[in-house]
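Keep in mind the model is a prediction, meaning the values are calculated, not measured. Within every chain, numbering begins at 1; the chains are lettered A, B, ... in the order of the sequence lines, protein sequences first and strands thereafter.
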Number of protein chains: 2
Amino acid sequence: MSDHDVFLADCPARTTLDLVADTWSVVVVFGLGGGPHRYGELCDRIGGISKKMLTQTLRKLERNKLVERRVLATAPAGVEYRLTPLGQSLLGPVSVLARWAEEHAEELADDASAP
Amino acid sequence: MSDHDVFLADCPARTTLDLVADTWSVVVVFGLGGGPHRYGELCDRIGGISKKMLTQTLRKLERNKLVERRVLATAPAGVEYRLTPLGQSLLGPVSVLARWAEEHAEELADDASAP
DNA sequence: CAGGATCCTAATAGATACTG
DNA sequence: CAGTATCTATTAGGATCCTG
């Protein structure tokens, strides 16, 4: 890009963040952490997510091979989602973030999400 | 986990993400990882960040006590930023994310950031 | 030097209604 | 049941100019 490559912006941590830093990805991954779930189940389990965002998030996770989609041959038909091994491998790193938040909850401003 | 804990959305991992999941927070934290830096230095080191976003990101990190701001009594005057102990404690968890990205780079879609 | 103030655009996410 | 399709409000982030 430029002559001197001080472009910290492509630090690898950002790659992971690009993947899961949106509002719902992590929540969905955790939602599937306990095992496969059907679309509707997942929606209920998560609570507060719109169907649009659930679908959109699942598609993104699918494209990145974190989640696998299977159409069930049951009646009535359904669709099941599960974490791939790659998706499961992400549970660890994300749990590390979760633990950090729990340990330091009191030190953080209460409006951590504010710009 | 109890019978039904809906609203996974307040999972603690999201707290950390709210804090650092924007485009620049992690980059700035890493930029300060090696030690204190002045505003301009930091800007150069990072490269590609606008002053608006740098300031805004620093303020957010400051509010959450990850970063400390010190006005220098030098001539010409300057401002120095450094990680607080809390900020340093975040380097570990974020590095875990970075390592995950490096290990699995090939398995991910090349457009991981796409919606 | 280190920002603040403004303007502007593209992307995000929610609500709602409709469909195979 | 598992999605699309719209429409809309909010937000993030860049560019530019101004200031103590």
Participant: Looking at DNA chain D, which of residues 58-79 of chain B put a heavy atom within less than 4.0 Å of it?
Facilitator: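 None, since no heavy atom is under 4.0 Å.
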
Participant: Between atom NE2 in B:H37 and atom P in C:dA2, what is the gap in whole Å?
Facilitator: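 Atom-to-atom, B:H37 to C:dA2, this comes out as 13 Å.
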
Participant: Send over the distance from A:Q56 CD to D:dA2 C1', rounded to a whole Å.
Facilitator: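 To the nearest whole Å, that distance equals 16 Å.
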
Participant: For residues 82-91 of chain B, tabulate all N or O donor-acceptor pairs below 3.5 Å that involve a side-chain atom, not counting sequence neighbours.
Facilitator:
from: B:R82; atom 1: NH2; to: B:E80; atom 2: OE1; distance (Å): 2.8
from: B:T84; atom 1: OG1; to: B:K65; atom 2: O; distance (Å): 2.6
from: B:T84; atom 1: OG1; to: B:L66; atom 2: O; distance (Å): 3.2
from: B:T84; atom 1: OG1; to: B:L86; atom 2: N; distance (Å): 3.3
from: B:T84; atom 1: OG1; to: B:G87; atom 2: N; distance (Å): 3.0
from: B:S89; atom 1: OG; to: A:W100; atom 2: NE1; distance (Å): 2.9
from: B:S89; atom 1: OG; to: B:L86; atom 2: O; distance (Å): 2.5

Participant: What is the distance, to the nearest angstrom, from the CD1 atom on B:I46 to the P atom on C:dA2?
Facilitator: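 Going from B:I46 (CD1) to C:dA2 (P), I get 13 Å.
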
Participant: May I have the distance from A:L42 (atom CG) to D:dC1 (atom P), rounded to whole angstrom?
Facilitator: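 Taking atom P of D:dC1 as the reference, CG of A:L42 is at 14 Å.
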
Participant: About how many Å separate CG of B:N64 and CZ of B:R59, when rounded to the nearest 0.5 Å?
Facilitator: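 Spacing of CZ (B:R59) from CG (B:N64) equals 13.5 Å.
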
Participant: D:dA12 P sits how many Å from B:I49 CD1, rounded?
Facilitator: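 Between P of D:dA12 and CD1 of B:I49: 14 Å.
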
Participant: Which distance, rounded to the nearest 0.5 Å, do you find between the OH of A:Y81 and the OG1 of A:T57?
Facilitator: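 The distance works out to 11.0 Å.
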
Participant: Roughly how far apart are A:C43 SG and A:L58 CG, rounded to 0.5 Å?
Facilitator: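 Here the rounded value is 9.5 Å.
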
Participant: Is there a donor-acceptor contact under 3.5 Å from the side chain of A:E41 to the main chain of A:R38?
Facilitator: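 Looks like yes, one N/O pair under 3.5 Å.
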
Participant: What distance do A:I46 atom CD1 and B:C11 atom SG have between them, rounded to the nearest 0.5 Å?
Facilitator: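 A:I46 CD1 to B:C11 SG: 10.5 Å, rounded to 0.5 Å.
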
Participant: Might you list the N or O atoms of the protein lying below 3.5 Å from N or O atoms in nucleotides 15-20 of chain C, with each pair's distance?
Facilitator:
none

Participant: So which one's nearest nucleotide on DNA chain C is more toward 5', B:G40 or B:P115?
Facilitator: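 Result of the comparison: B:G40.
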
Participant: Using whole Å, report how far CE of B:M53 lies from P of C:dG3.
Facilitator: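 Rounded to whole Å, this separation is 15 Å.
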
Participant: Give, for atom CG of B:L42 and atom CD1 of B:I49, the distance between the pair rounded to the nearest 0.5 Å.
Facilitator: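 Separation between the atoms: 7.5 Å.
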
Participant: Is the shortest side-chain N/O distance from A:Y81 to OP1 or OP2 of D:dC1 below 4.0 Å?
Facilitator: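 No, no such contact exists.
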
Participant: Which nucleotide in the set C:dA13, C:dG14, D:dG3 lies at the smallest distance from any side-chain heavy atom of A:T55?
Facilitator: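 Nearest listed nucleotide: D:dG3.
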
Participant: Of the nucleotides C:dA13, C:dT12, D:dA12, which one has an atom closest to the side chain of A:T23?
Facilitator: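 Comparing C:dA13, C:dT12, D:dA12 against the side chain of A:T23, the answer is C:dA13.
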
Participant: Looking at B:Q56, B:E62, B:R63, which hits side-chain contact (heavy atoms from CB on, under 4.5 Å) with B:K60?
Facilitator: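 Of the listed options, the one satisfying the test is B:R63.
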
Participant: Could you check how far CG of B:L19 sits from P of D:dA12, rounded to whole Å?
Facilitator: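 These atoms are roughly 14 Å apart.
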
Participant: Counting side-chain heavy atoms from C-beta on, which of C:dG14, C:dA2, D:dA2 comes nearest to B:Y39?
Facilitator: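 In terms of side-chain proximity for B:Y39, the closest of C:dG14, C:dA2, D:dA2 is C:dA2.
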
Participant: Within the pair B:R38 and C:dC1, is there a side-chain N or O less than 4.0 Å away from OP1 or OP2?
Facilitator: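 Checking B:R38 against C:dC1: no side-chain N or O falls below 4.0 Å of OP1 or OP2.
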
Participant: Taking CG from A:D22 and C1' from D:dT11, how many angstroms apart are they, rounded to a whole number?
Facilitator: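 The answer, rounded to whole Å, is 15 Å.
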
Participant: Under 4.5 Å between any side-chain heavy atoms of A:L17 and B:L17, yes or no?
Facilitator: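 Counting from C-beta outward, A:L17 and B:L17 do come under 4.5 Å.
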
